[in-house]
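Heavy atoms only: backbone and side chains are in, while hydrogens, waters and symmetry mates are out. Lettering follows sequence order; numbering is per chain, from 1.
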Amino acid sequence: MDTTQLLKGVLDLAVLAVVSKEDGYGYEVVRRLRAAGLSEVGDASVYGTLRRLYAAGALNSYVVPSVEGPHRKYYGINGHGQALLKEQSGAWTLFANTMNGLLASAAQPTQEVQV
Amino acid sequence: MNTPILPPGVAAYVAAVRAHLDDLTNDEIDELTGGLEADLDDALGEVSEDGNSPEERFGPPAVYAAELRMAAGLPPRAEVRGQHGVATLWNRVGQVTGTWTERVRAHPRWPATHDFLLTIRPAWWVLRAMAATIVIRRVLFDEDFFVFVVLALAIVVSVELGRRGIARRSLVWRGTIAAGNTLAVLMMLSVGPIAFALGQEGESSYDSVPTQYESRSGLQLDGAEVRNVFPYDEQGRPLRGIQLYDQDGRLLEVGEAARESVADEEGRTFSPVPAVDADSVQRWNAFPLRRQLIAPDPASGEARAVPGGLGLAILPSVSPRPLIAGRAAEPVPTPASPVPGSSLSAPGSPTAPMVSPTTAPAPAPTAPVSSLAPSPTSSVTVSGRS
């Protein structure tokens, strides 16, 4: 199964979750997502998502200048983002439970069908 | 602006990504690509089997830009947002040239070339300002002092246009600047970059533009316009009514510029008057040219010839010594020669003898404006013979 398609629907949630722990700049967020197991996440998708969440007012943003390299743009979660994270987490949990239940029942077809 | 040390190609890659977002507003582009250099730089800092160039790691800039904008919830590039006809046309042109530029950007030498071009970009800004100055100078005025002022202003404007990336701001700006840049390049090609850099365009460009030749034709000495010719005989006496021809029988005429009015040191304006030959043809090769006083009409204020203001040109303050060698030379009698006693052998045959214009007084010491004919020896030669 193509996990990139699944990822599209939950990338907002994943990014919010990662940023809620600690502020991070673009590639750092990518790194954390990959470290958490979302290895197929695309760099540009994450950057775009960060920008969109920022534009939606769910994230704060600030630039940290660097002496040696280009400046980094950091993102951090704000109140609106926290609320969004909570709401989307709930939706995801519900959805995931539903899916799990569905799949569990599919695994033992003969017994469940009688009910 | 700090200039961070970036691995080769990162700046170029980001620029290419931005180029694929250029249908968005400047704010949107900045929002999307802000800090992107740092992110790419970081990603490239990690060893990967994909390779180390931005293209190898992140894919073609077009795909990257598309992913970026889609994730950010912005419409894809093909989807035009409320654009008018010119913009649609512009986009279509962009699509055609885009394929070509992508091919160039994919070339392995592109990052180095791009870095080099970025380095010499300020020189282009200054060159562009020079081209603009030439245009302004030709269209508006010809005062050297103002040319420097305009050049200074043009350099500031041009550099600021380049530095602030105004070209990216909107379609109208982009179109205007593209058109202006094309003009500037054409201007530089036509004038020649070296003459241009040395500030010699005033002279050299006229030479390179054939249509300007007319105004530079006629008698010249060391590049300066000859306004009149004063012949003297072998005794050093001034001559009048002399027709001049070159070795091929062409008229040795004063140029167009020398036929215009000039002011003397007292502020009076004189217009040179040509002789008229027997065929009623104006002759600008008959010397010395006489001159007509010009003054504003008291009633209308328009400049017009002052009646009785026709006179001889003032002789230059020279006193030619009598010729010794000239006397020794045997004059070649030429039947067609219009001036008896001339020691020149006429190469062509001047067709018509000279006559005075009907309104002109006889060129004698009794000329109405006698003060204009100061030479006491002016009666030694004749003109207006028929």
Side-chain angles (χ1 to χ4, degrees), chain A residues 2 4-16 18-19 23-35 38-76 84 88, chain B residues 1-18 20-21 24-25 27-50 54-77:
Chain A
D2 187 1
T4 55
Q5 288 301 318
L6 289 179
L7 207 52
K8 265 182 196 167
V10 294
L11 194 54
D12 283 22
L13 180 56
V15 167
L16 279 172
V18 160
V19 177
D23 292 1
Y25 61 90
Y27 188 65
E28 199 180 354
V29 173
V30 173
R31 215 155 35 194
R32 287 190 213 159
L33 289 169
R34 287 188 180 148
L38 299 175
S39 56
E40 287 178 54
V41 74
D43 297 32
S45 295
V46 175
Y47 304 152
T49 302
L50 282 168
R51 270 62 162 181
R52 187 163 41 77
L53 289 171
Y54 168 74
L59 298 179
N60 296 326
S61 159
Y62 52 93
V63 167
V64 178
S66 161
V67 185
E68 290 170 2
H71 61 251
R72 284 172 174 166
K73 201 168 186 182
Y74 275 77
Y75 293 90
L84 201 65
Q88 290 197 4
Chain B
M1 190 166 70
N2 67 329
T3 47
I5 302 148
L6 285 172
V10 165
Y13 190 86
V14 173
V17 169
R18 288 182 72 103
H20 284 286
L21 301 169
L24 304 174
T25 67
D27 283 348
E28 284 173 325
I29 297 173
D30 287 345
E31 184 55 41
L32 270 177
T33 59
L36 192 57
E37 281 98 342
D39 292 334
L40 296 184
D41 191 23
D42 260 31
L44 286 174
E46 290 184 357
V47 182
S48 164
E49 58 210 23
D50 290 344
E55 273 84 2
E56 288 166 328
R57 283 290 277 280
F58 313 119
V63 175
Y64 196 90
E67 189 181 339
L68 200 56
R69 68 198 294 160
M70 194 175 75
L74 293 163
R77 189 177 170 77

S.K.: If I take atom CG from residue A:Leu59 and atom OH from residue A:Tyr75, how far apart are they, to the nearest 0.5 angstrom?
M.R.: 8.0 Å

S.K.: Which one, A:Ala56, A:Gly26, A:Gly48, A:Ala44, leads in non-hydrogen pairs under 4.5 Å with chain B?
M.R.: A:Ala44

S.K.: Check this for me: does any side-chain nitrogen of one of A:Arg72 and B:Asp42 sit under 4.0 Å from a carboxylate oxygen of the other?
M.R.: yes

S.K.: Can you tell which part of A:Tyr54 gets under 4.5 Å to a heavy atom of chain B, answering side chain, backbone, both or neither?
M.R.: side chain

S.K.: Does B:Leu32 reach the side chain of B:Leu74, with side-chain heavy atoms less than 4.5 Å apart?
M.R.: yes

S.K.: Identify the two heavy atoms, one from A:Lys73 and one from A:Ser61, that lie closest to each other, and give their separation to 0.1 Å.
M.R.: CE-OG, 3.5 Å

S.K.: Output the residues of residues 59-66 of chain B for which the shortest heavy-atom distance to chain A is under 4.5 Å, in residue-number order; output 'none' if no such residue exists.
M.R.: B:Tyr64

S.K.: Using a 4.5 Å cut-off on heavy atoms from C-beta on, say whether the side chain of B:Asp41 contacts that of A:Pro70.
M.R.: yes

S.K.: Return the CG to CG distance between A:Leu6 and A:Leu11, rounded to the nearest 0.5 Å.
M.R.: 12.0 Å

S.K.: Could you check whether any side-chain heavy atom of A:Tyr25 comes within less than 4.5 Å of a side-chain heavy atom of A:Val64, counting everything from C-beta outward?
M.R.: no

